[in-house]
Amino acid sequence: MYALVDCNNFYVSCERVFQPRLEGRPVVVLSNNDGCLISRSNEAKALGLQMGDPYFQVKPLLEQHQVAVFSSNYALYGDMSRRVMWYLSQVAPAVEIYSIDEAFLDLHGMERFVVRSLDTFARTVRANVLARTGIPTCVGVAPTKTLAKLANRLAKKNPALGGVCYLDTDERRQWALEQVAVEDVWGIGRQYAQKLYVVGITTAAGLAGCSEAYARQHLGGVVGARLVRELQGYPCQGLAPSEDGTLARRSLCYSRTFGQPLSAFPDVVGAVSAFTSRAAEKLRRQGDAAHLLTVFVSKSRYGLEPPPYSSSIVLSLPVATSDTVELVRMARVALKRLWQPRQRYTKAGVTLEGLEPAGQAQLSLFEPGPESEKRTKLMAELDQLNRRFGKGTVQLAALLLPVGQSAPWQGQAQWRTPQYTTRLEDLLLVS
DNA sequence: TCTGGGGTCCTAGGACCC
DNA sequence: TCTGGGGTCCTAGGACCC
């Protein structure tokens, strides 16, 4: 059996933990740059607000209903997520952290140790996560990950279930499959849903009844075949392997929409350098080095200009590295090759791929010379200082701006709450 | 004026190698 | 005239996820 634990309206719930007066009121959290809605409380959903709605379009509605609006605060959400995940890892034999607000638990063999049933176990987990972190969750329990996802959805949509849905028998499974529209199945997006409707398949039950050959041909090859089998109750995927439940990333990316469109090369170079520096920090935190570096710049998709809206260049590095100086140098080379004058660029980003454990390449091919050793030590010290005194305390001289000046690419975050749990200065005071 | 950010996996085709 | 079989690596593109 697998369980999927999913936090309800996670970002909104995080804000509510520190401002209980928001309980029962409509609340939304905005994406970076205060661009669009990425988390909504149930009250906000009831007003018709959709995931991804552009803020400026729904602003009148938000004001009319006095919806509480927040800029996203990832330092807070990341920390709350760690607390939830840490608890889950204490109670389940194996955990896969699927996203910031979801985790799969592998419950195989647990039936023997759980006194009553997995249903009771799920209810206990749910109550304890709430008591320890203040975050409400729903839990789906089923024989496959895909069915656990589906069960979780039912738990969420159906208040009578009390936040837990356990599909322990074939009858329950069949009942569940009939409740869920095919487009709401994990792995069925817009394109596949459309295809399925055309041939008359509209529910998860219908999808579970389709042939493997059909799935293979029309739903993405082996992926589709696996999906159908999982709906039928045959597990085709276990938990992703990892040491501590944290997914080992195969690539990582740092990208941002600028606060305003930029046309000057020095401005965009500044952005790309800063983004590369952040990406390099992530890379080192993961203990990896990268072989491939991609830089991309994008233009607005919403204006009159025709596509393409984005262009990119991939550089292949002879030796994998996690060195900020080296990566920033390469990123600048890439940007120079990409650059076209007189464009209004709205976004840029850096992706690092071809990851391998740091130090591996140097050991196998080259002796690590005194220079590279020095550099590695320097990077470690830089990371430590930034961890201790806050992001950006120490950075490359080339990334520095004149005192009092903010970067031209910096975005909006008008309604950001304090970092209650990760910054001493922001600690909540109770008097 | 203002429309997010970060991932995964799979397939197909071409180049190249033995 | 006849024109194999397999493997790997790379790129581009498509679909999906939260």
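The figures here come from the full heavy-atom set of this structure, side chains too, leaving out hydrogens, waters and symmetry mates.
The residue E102(A) sits close only to the backbone: its heavy atoms come under 4.0 Å of sugar-phosphate atoms, none of a base.
To the nearest angstrom, P of dT1(B) lies 14 Å from NZ of K59(A). Rounded to whole Å, the distance from CG on N152(A) to C1' on dC17(C) is 14 Å. L219(A) places its CG atom 18 Å from the P atom of dG14(C), with the value rounded to the nearest Å. Atom NE2 of H218(A) is separated from atom P of dC16(C) by 14 Å (rounded to the nearest Å). Distance CD1 (I97(A)) to P (dC18(C)): 17 Å, rounded to an integer number of Å. At whole-Å resolution of the value, CD in Q50(A) and P in dC18(C) are 16 Å apart.
Of the residues in residues 183-210 of chain A, those placing a heavy atom less than 4.0 Å from an atom of DNA chain C are V185(A), W186(A), G187(A), I188(A), G189(A), R190(A), Q191(A), Y192(A), in numerical order.
Residues in residues 80-102 of chain A take part in these salt bridge (charged side-chain N to carboxylate O under 4.0 Å, His left out) pairs, two or more places apart or across chains: D79(A)-R82(A), D79(A)-R83(A), E96(A)-K145(A), E102(A)-K149(A). Sorted by first then second residue, the ring-ring contact (aromatic ring centres under 6.0 Å, His included) pairs that include residues 30-70 of chain A, not counting sequence neighbours, are Y55(A)-W415(A). Sorted pairs that involve residues 60-72 of chain A and meet salt bridge (charged side-chain N to carboxylate O under 4.0 Å, His left out), not counting sequence neighbours, are lacking altogether.
Nucleotides dT3(B) and dC18(C) are separated by 25 Å at their P atoms, to the nearest Å.
Contacts of R190(A) classified as side chain to side chain contact (heavy atoms under 4.5 Å, CB included), with partners at least two apart in sequence or in another chain: none. Legend: residues meeting side-chain hydrogen bond (donor to acceptor under 3.5 Å, both in side chains) with S298(A), ordered by chain and number and at least two apart, are S310(A). When the side chain to side chain contact (heavy atoms under 4.5 Å, CB included) test is applied to A331(A), the partners found at least two apart in sequence or on another chain are V272(A), T276(A), L293(A), V295(A). The side chain to side chain contact (heavy atoms under 4.5 Å, CB included) check on Q414(A) picks up D34(A), Q412(A), with sequence neighbours excluded.
For DNA chain B, each stem of at least three Watson-Crick or G-U pairs (distances under 3.5 Å) is given as range with range: B:5-18 with C:5-18.
Inspection of the R332(A) and S273(A) side chains reveals an N or O donor paired with an N or O acceptor under 3.5 Å.
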Quick one: side chains of residues 181-188 of chain A, donor-acceptor pairs under 3.5 Å with protein atoms, not counting sequence neighbours, listed by atom name and distance.
{"unit_1": "E183(A)", "atom_1": "OE1", "unit_2": "Y197(A)", "atom_2": "OH", "d": "3.0"}
{"unit_1": "D184(A)", "atom_1": "OD2", "unit_2": "R153(A)", "atom_2": "NH2", "d": "3.1"}
{"unit_1": "W186(A)", "atom_1": "NE1", "unit_2": "Y98(A)", "atom_2": "OH", "d": "3.3"}

Show every donor-acceptor pair shorter than 3.5 Å between a side-chain atom in residues 223-239 of chain A and any protein atom, with sequence neighbours excluded, or say none if there are none.
{"unit_1": "R229(A)", "atom_1": "NH1", "unit_2": "Q232(A)", "atom_2": "OE1", "d": "3.2"}
{"unit_1": "E230(A)", "atom_1": "OE1", "unit_2": "T146(A)", "atom_2": "N", "d": "3.0"}
{"unit_1": "E230(A)", "atom_1": "OE1", "unit_2": "T146(A)", "atom_2": "OG1", "d": "2.6"}
{"unit_1": "E230(A)", "atom_1": "OE1", "unit_2": "Q237(A)", "atom_2": "NE2", "d": "3.4"}
{"unit_1": "E230(A)", "atom_1": "OE2", "unit_2": "C236(A)", "atom_2": "N", "d": "2.8"}
{"unit_1": "E230(A)", "atom_1": "OE2", "unit_2": "Q237(A)", "atom_2": "N", "d": "3.1"}
{"unit_1": "Q232(A)", "atom_1": "NE2", "unit_2": "A208(A)", "atom_2": "O", "d": "2.9"}

### B/S/- contact track for nucleotides 2-12 of chain B, protein heavy atom under 4.0 Å
BBBSSSSSSS-

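Taking the six-membered ring where the residue is Trp, Y2(A) and H108(A) present perpendicular rings, their angle passing 60° and hence far from 30°.
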